[in-house]
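Counting starts at 1 for both ligands and their atoms, following the listed order.
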Amino acid sequence: MSNLPVLVLNSGSSSIKFAMYEAGNGKREKLFDGAVDGIGTAMGTFWIKDAAGKKLVDQTPPLPSRAEAFALVAAALNSADFPKPAAIGHRVVCAGPTIRENQLVTPQFIDELESYAELAPLHTPIAVYILRESLRLFPGVPNFSCLDTYFHRHFTEEVYTLPLPPEYAAMGVRRYGFHGLSYESIVHELEPKVPERLVVAHLGNGASISAIKNGVGVDTSMSMTPFSGIISGSRTGDMDPGVLIYILRKLAAGKPGTLEAADELESIIGKKAGLLGVSGLSNDMRSLREAIAAGNKDARLAVTLFTRLITKYVASYFAELGGMDMLVFTGGIGENDGDTRAEVCAGLSALGIKLDVAKNKSRGMATISAADSKVVVRVIPPAEDLMIVNHVVRLLH
Ligand code: AMP
């Protein structure tokens with residue numbers, strides 16, 4: 001295959017990130033990347049940097065809505081300054097029960113995705129908008145949807161079934177799992193020697209843990225939505241469902257419409273909870289570590305809740321996998337925060353996990369376990385974009 005420029009698009013609530021890769025015959029070379037950030041504000045940022053880090057675009061445009069933001073990206077990428085993409089790969093965070101495969105984006109596919117928007121009201125409407133606009137603004141360029149749920153498609157019935165009457169499963173209520181492109185990239189990095197019993201902790205602003213057997217995802221901490229599992233920057237993670245009913249009743253009591261109360265509840269558990277909610281300070285681990293160093297007790301409690309839950313999940317996956325050959329930390333916190341890794345692993349000493357204190361200070365790719373640890377512990381940065389490029393190249397053929 002000759003070299004093809006493949007554009008990777010990753011759209012979030014306040015930003016659109018993108019990167020162009022040249023792909024051919026196993027080659028994956030980043031040409032440039034960029035982002036529009038601050039959607040919904042009077043002054044956002046729009047930048048593009050080449051592979052050497054030189055800024056090619058550096059603007060602070062008004063970004064009242066996603067429409068202006070994506071129009072800027074499309075206008076720049078359709079200009080003569082950049083190679084025209086041969087294909088576009090979209091990271092799609094959520095799908096529905098019938099959308100399990102990565103595939104060519106068609107208007108029918110987008111309609112189907114939209115029909116499941118209620119399952120993921122914070123993510124799917126954004127994906128639907130960007131996919132429709134991408135077909136319009138890049139005419140003739142094939143677009144592919146690459147799911148964050150794809151890695152988890154082999155779950156057995158007892159893993160994906162949630163304990164509810166079957167009519168809810170028929171509506172799409174089931175465990176999907178997220179961060180799949182990150183998990184896939186860790187397995188890809190470990191190939192051809194993927195350990196039989198692998199646990200990966202993806203600890204970023206959103207956080208989840210997965211049990212992986214012979215390279216196949218068998219369980220994960222997130223469920224139907226990214227709210228579940230371990231606590232994240234601003235999300236609760238697992239919580240007694242009775243708490244939700246209690247809060248919803250409280251909210252609905254002072255509201256004319258219960259639906260509004262449900263929206264508010266979603267905002268509480270998704271945007272005002274987690275590390276931010278407990279610390280009352282920040283969802284950002286760097287700020288929390290600074291606060292802990294200065295003696296802030298709420299920051300200490302927030303981070304302890306976080307690491308304690310990670311320890312519990314890893315230990316449960318040890319049982320589920322019948323042991324553990326390797327534990328991998330990834331994501332912004334997993335890669336950079338040695339204190340989090342040390343606190344999690346201290347809680348796992350009963351499993352024979354031991355860190356090498358000096359090696360744990362390193363950042364980026366490293367093996368950080370002690371020589372006599374029963375489990376190899378590694379740090380591997382995720383490479384989600386590269387997985388998207390790989391899927392696009394495979395699907396183009
Ligand atoms: P991500 O969502 O993967 O970009 O990760 C974001 C999280 O990584 C935030 O909580 C950051 O505070 C955290 N993070 C990034 N760099 C560091 C660092 N040097 N030390 C501690 N946490 C970090």
Side-chain angles (χ1 to χ4, degrees), residues 8 10-19 33-35 37-38 45 47 91 93 122-123 126 148 151 177-186 189 200-210 220-222 226-227 229-237 270-294 296 298-310 328-345 355 357 359-366 368 378-388:
V8 173
N10 190 347
S11 311
S13 57
S14 62
S15 70
I16 301 169
K17 296 180 183 147
F18 55 92
D33 62 355
D37 206 346
T45 55
W47 58 268
R91 178 177 175 210
V93 172
L122 300 181
H123 292 96
I126 296 174
D148 244 337
F151 181 74
F178 300 93
H179 296 134
L181 289 157
S182 167
Y183 293 124
E184 210 178 314
S185 78
I186 302 299
E189 172 64 32
V200 179
H202 177 103
L203 310 179
N205 198 26
S208 71
I209 317 229
S210 277
T220 196
S221 59
M222 282 180 173
F227 290 134
I230 59 176
I231 71 174
S232 295
S234 64
R235 301 182 194 128
T236 57
K271 295 185 178 159
K272 298 178 183 166
L275 296 174
L276 171 67
V278 180
S279 69
L281 196 69
S282 173
N283 62 341
D284 193 294
M285 185 56 83
R286 280 164 292 199
S287 313
L288 295 178
R289 288 290 175 196
E290 279 167 26
I292 290 171
N296 184 313
D298 294 334
R300 180 66 268 174
L301 178 62
V303 173
T304 301
L305 293 187
F306 178 67
T307 53
R308 194 176 109 86
L309 207 48
I310 297 166
V328 173
F329 287 95
T330 191
I333 300 172
E335 281 164 62
N336 297 299
D337 192 26
D339 289 343
T340 290
R341 297 190 299 252
E343 287 161 24
V344 168
C345 289
L355 285 192
V357 176
K359 288 184 183 157
N360 187 42
K361 291 202 167 79
S362 60
R363 286 195 184 157
M365 190 83 80
I368 57 170
R378 289 189 58 177
V379 177
I380 303 179
E384 289 139 318
D385 281 3
L386 281 181
M387 293 303 103
I388 293 178

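Using a 4.0 Å cut-off between charged side-chain N and carboxylate O, Arg91 and Asp148 make a salt bridge. Between Arg289 and Glu343, at least one side-chain N (NZ, or NE/NH1/NH2) sits under 4.0 Å from a carboxylate O, which counts as a salt bridge.
Closest to atom 6 (C) of ligand 1 by heavy atom, among Ile333, Asn205, Asn336, Asp284, is Asn205. Looking at Gly334, Pro381, Gly332, Pro382 and measuring to atom 3 (O) of ligand 1, the nearest heavy atom belongs to Gly332.
From the protein, the heavy atom lying nearest to atom 20 (N) of ligand 1 is Arg286 CG, 3.6 Å.
The OG atom of Ser287 sits 11.0 Å away from atom CG of Asn296, with the distance rounded to the nearest 0.5 Å.
Counting heavy atoms closer than 4.0 Å to ligand 1, residue Arg363 contributes side-chain atoms (C-beta onward) but none from N, CA, C or O.
Considering all non-hydrogen atoms of both residues, Ala19 and Asp33 come closest at CB-CB, 3.7 Å.
The side-chain heavy atoms of Val303 and Met285, taken from C-beta on, include a pair separated by under 4.5 Å.
Ring geometry for Tyr183 versus His202: interplanar angle over 60°, hence perpendicular rather than tilted (30 to 60°).
Atoms of ligand 1 found under 4.0 Å from any heavy atom of Gly204, numbered from 1 in the order shown, are 1 (P), 2 (O), 3 (O), 5 (O). Close contacts between ligand 1 and Met285 involve ligand atoms 9 (C), 10 (O), 11 (C), 12 (O), 22 (N) [criterion: under 4.0 Å to a heavy atom].
Ligand 1 is never approached by Arg289 to a heavy-atom distance shorter than 4.0 Å.
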